[in-house]
There are 2 protein chains.
Amino acid sequence: MSHEFPVECLNRYGSTMAGPTNVRRPATLASLAAELGVSRTTVSNAYNRPDQLSAPLRARVLEAARRLGYPGPDPVARSLRTRKAGAVGLLLTEALSYAFRDPAATGFLEGLALACEQAGQGLLLVPVSPDQADVTAVHQAGVDGFVVYSVREDDPHFLAVLERPVPTVVCDQPMGVEGVDRVGVDDRAGMLALTRHLTGLGHRRVGVLCMRLAAGHNDGPASPERQANATYPVQRDRLAGICDGLAEVGVDWADVPVHERFEHSVDAGQDAAAAMLAAHPDITALVCTSDILALGALRHAADRDLNVPDQLTITGFDGVPEAERAGLTTVRQPVLEKGRVAGELLLERGERNRPRRVTLPTELVVGTTSGRPRVEERFFSGW
Amino acid sequence: MSHEFPVECLNRYGSTMAGPTNVRRPATLASLAAELGVSRTTVSNAYNRPDQLSAPLRARVLEAARRLGYPGPDPVARSLRTRKAGAVGLLLTEALSYAFRDPAATGFLEGLALACEQAGQGLLLVPVSPDQADVTAVHQAGVDGFVVYSVREDDPHFLAVLERPVPTVVCDQPMGVEGVDRVGVDDRAGMLALTRHLTGLGHRRVGVLCMRLAAGHNDGPASPERQANATYPVQRDRLAGICDGLAEVGVDWADVPVHERFEHSVDAGQDAAAAMLAAHPDITALVCTSDILALGALRHAADRDLNVPDQLTITGFDGVPEAERAGLTTVRQPVLEKGRVAGELLLERGERNRPRRVTLPTELVVGTTSGRPRVEERFFSGW
DNA sequence: TTGAAAGCGCTAACAG
DNA sequence: CTGTTAGCGCTTTCAA
């Protein structure tokens, strides 16, 4: 006689994951097999290969499972045996929760989730506390591969990922890591196109607001050294694109003020814009390396009753929905597509020789926040 | 002599997760131990209990690991042994990717991620295709517990979760499942407060736009039967709250038109608003059970050059940022907090007798989209 | 401090 | 169609 108890009993004892788990897990595949007087293989087959045993037998097995409260093969044990976790890990620079704040990241996540969903793979958000250099979370993650979203080149978590014997694909940065697939856009070219748009309008005195360039908390002007030593290639490239565009009209990059912000938020952008305009009241255009910062700059302009674009041109980068709604002149990049491609690169079956570097196109979006420099300014620069 | 090869070799062979994985995993804890001529315990301790062996020996172990390209204990094997996966699973009604579209869901995710992060637990997004009733993804998930976000009472995935012998906490719905913790808000009371605000302004003829009420694709009027059989308690409660509020001023619920939309999107709201106003041109207020739908209704009003609130009052529910920016009159609920609490309920150590049902407060936000009914209308109803 | 033994729960050849 | 035999890679008493 078996000790029967209703299924309802099963899940009701575990009060908390952290405490000593009172959950009983009385039934295992083996115990079920013993109960039924069949082999473990047969029970396993009942779940994994229905065609390998007679229908009636299978029914008997499943019925007994229900009766004994056997929840089916343990996923972890199965994973160990099959060497497949059925999930991909996602590594983000910032705190996990930050990802849900940044619309560009959200778009990426949506695309990645789409790809995973389609492949029936789970998506494991790896809990990395941004500051703490504790990489155990990376070691703990039971996944078949990693997607790394836009981290610093020297990020310890990223290094830990590389040590794991699973395939990895990187979105945006770091670039050029040997053996690691990458998806991204040509940030430099995108920014160059935008800058040409500005120089074409007549702008010569521009100020730049950028995101974090490297480790360390710097809120304020970014010195040439800091720019040169930037460990965030994406920011580096965007700056380089601006530099390229200005060089075409003879503007020396050394004369272009660049302000950096550690936080990536609208508030930070607003604040940075204020600082920039205070230090350089003569600039005619504020080029921001992200829409979020640009949105902040727009807010600052509104606060000061500056007419955009008549008195000040403001531009962004990314093409997030909010920005487009605000009519921001920006460079649109296909964030959702990036996520999808990242997932596909990792999950796609077949082709060994598929491209391991995918560069998606960007598009210049001319909105209502860019215009010719204000008249006084043009007089001034005509001196 | 050991077969040495640089770490760089390790990760470079896995071309694709799906294909036969060419990744070599030459080193295991056992092989490392053999190599060093120590026991497996010692190697294990080197990683998990540094205090259990001499520093020099530990250094030797770690050095050999680096040399052999041993990436540290396999997380899956460890999980099997310790019976801890180090991750919580998240089950969503909709397609995984949808979660990143809905700002309310995003807020919830952010809060949940925060809690997980803090506890050092991963967050596994379980890939459920919404239509297909394939619950294998739930069985596959290597997690220590589940958070279920707002699913239908009879959702097969949810049922599958209940069979897993791990703790579960539900956000919003289903409610009242025995032994399962729940966090949510009092939707009915929240909607009642909003409705009183409207009746206080003088509204009597209102139309209601609501989200999916039950399985099955219904775009259009929701019959009383369908309302009665709703399997989404949250929607049911919100409708009930409106009903309560209208009853207080003598309006019979049977006279109140309710339109349902399967899709939850701004477009759907816009569309539903159009349909509602076409069928019931005399209504003075459009009560929507979500901000997203309300945003759509606002768009429809703008398209038709209807002045809000002079000619039409529009209200939402949730209090998402976009809505607040738009000045929507709505009921704000603490979505981030819900996520945090859900995570804490699952992960929190200690107290067995903590509250297993948490109801968070809502707040009526009176914006600029609600006002007194238009004059003609008041005449009309004064008849 | 270190090691030996004993599985965690399952799947996958390969025979019968 | 079913069972037997071997582990997957690791942790963990318990002794030495």
Side-chain angles (χ1 to χ4, degrees), chain A residues 20-21 23-61 65 68-86 136 139-142 144 164-166, chain B residues 20-21 23-61 65 68-86 136 139-142 144 164-166:
Chain A
T21 192
V23 175
R24 330 196 234 277
R25 177 181 239 291
T28 71
L29 186 145
S31 73
L32 221 192
E35 184 73 25
L36 280 162
V38 301
S39 82
R40 306 208 291 292
T41 309
T42 300
V43 179
S44 176
N45 282 339
Y47 285 94
N48 303 317
R49 312 191 167 170
D51 53 317
Q52 295 297 293
L53 73 176
S54 64
L57 177 54
R58 184 167 127 93
R60 245 183 75 212
V61 172
L68 287 167
Y70 175 63
D74 179 287
V76 175
R78 188 217 293 279
S79 287
L80 174 59
R81 189 58 239 245
T82 61
R83 312 237 39 98
K84 296 230 150 303
T136 58
H139 290 134
Q140 221 90 298
D144 301 321
R164 292 278 306 262
V166 294
Chain B
T21 193
V23 176
R24 329 196 234 277
R25 178 179 238 291
T28 71
L29 186 144
S31 73
L32 220 193
E35 184 72 24
L36 280 162
V38 302
S39 82
R40 306 208 290 290
T41 308
T42 301
V43 178
S44 176
N45 282 338
Y47 284 95
N48 303 317
R49 311 189 168 173
D51 52 317
Q52 295 298 293
L53 74 176
S54 65
L57 177 54
R58 182 168 129 93
R60 247 182 75 213
V61 172
L68 286 168
Y70 175 64
D74 179 287
V76 175
R78 187 217 293 280
S79 288
L80 174 59
R81 190 55 237 249
T82 60
R83 312 239 40 99
K84 295 231 149 305
T136 58
H139 290 135
Q140 219 89 300
D144 300 322
R164 293 277 307 260
V166 294

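Chain A is the first sequence line, chain B the second, and so forth, proteins listed ahead of strands; every chain is numbered from 1.
Nearest heavy atoms, Ala141(A) versus Pro75(B): O-CG, 3.5 Å. Heavy-atom minimum distance, Asp144(B) versus Gly86(B): OD2-N, 2.7 Å. Of all the heavy atoms in Arg78(A) and Gln140(B), the pair that sits closest is NE-OE1, 3.6 Å. Of all heavy-atom pairs spanning Val43(B) and Leu32(B), the tightest one is CG1-CD1, 4.0 Å.
Residue Val38(A) is classed as a sugar-phosphate contact, given heavy-atom separations below 4.0 Å to backbone atoms only. Heavy atoms of Leu80(A) sit under 4.0 angstrom from at least one base atom.
Spacing between atom CG of Asp51(B) and atom P of dT2(C) amounts to 12 Å, rounded to whole angstrom units. Rounding to whole angstrom units, CD of residue Gln52(B) and P of dT1(C) are separated by 8 Å. Straight-line distance from the CZ atom of Arg60(B) to the C1' atom of dT2(C): 12 Å, rounded to whole Å. Atom CG of Leu36(B) is separated from atom C1' of dT2(C) by 14 Å (rounded to the nearest Å). Taking atom CG of Asp74(B) as the reference point, atom P of dC8(C) lies 18 Å away to the nearest angstrom. In this structure, CG of Leu32(B) is placed 13 Å from P of dG9(D), rounded to the nearest angstrom. Between the NZ atom of Lys84(A) and the C1' atom of dG9(C) there is a distance of 19 Å, rounded to whole Å.
Arg78(A) has no side-chain polar atom (N or O) that falls below the 4.0 Å cut-off from OP1 or OP2 of dC10(C). For the pair Tyr47(B) and dG9(D), the criterion of a side-chain N or O lying under 4.0 Å from OP1 or OP2 is not met. The phosphate of dC8(D) has neither OP1 nor OP2 within less than 4.0 Å of any side-chain N or O from Arg83(A).
With a 4.5 Å cut-off on side-chain heavy atoms, Arg83(A) and Asp74(B) count as touching. Between Thr41(A) and Ser44(A) there is no side-chain heavy-atom pair separated by less than 4.5 Å.
Take the nearest nucleotide of DNA chain C for Ala77(A) and for Ser39(B): the residue whose nucleotide is more 5' is Ser39(B).
Between the CG atom of Leu29(A) and the OG atom of Ser39(A) there is a distance of 9.0 Å, given to the nearest 0.5 Å.
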For nucleotides 12-14 of chain D, which of its nitrogen or oxygen atoms have a protein nitrogen or oxygen under 3.5 Å away, and what is each distance?
{"from": "dT12(D)", "atom 1": "OP2", "to": "Arg49(B)", "atom 2": "NH2", "distance (Å)": "3.2"}
{"from": "dT12(D)", "atom 1": "O4", "to": "Thr41(B)", "atom 2": "OG1", "distance (Å)": "3.0"}

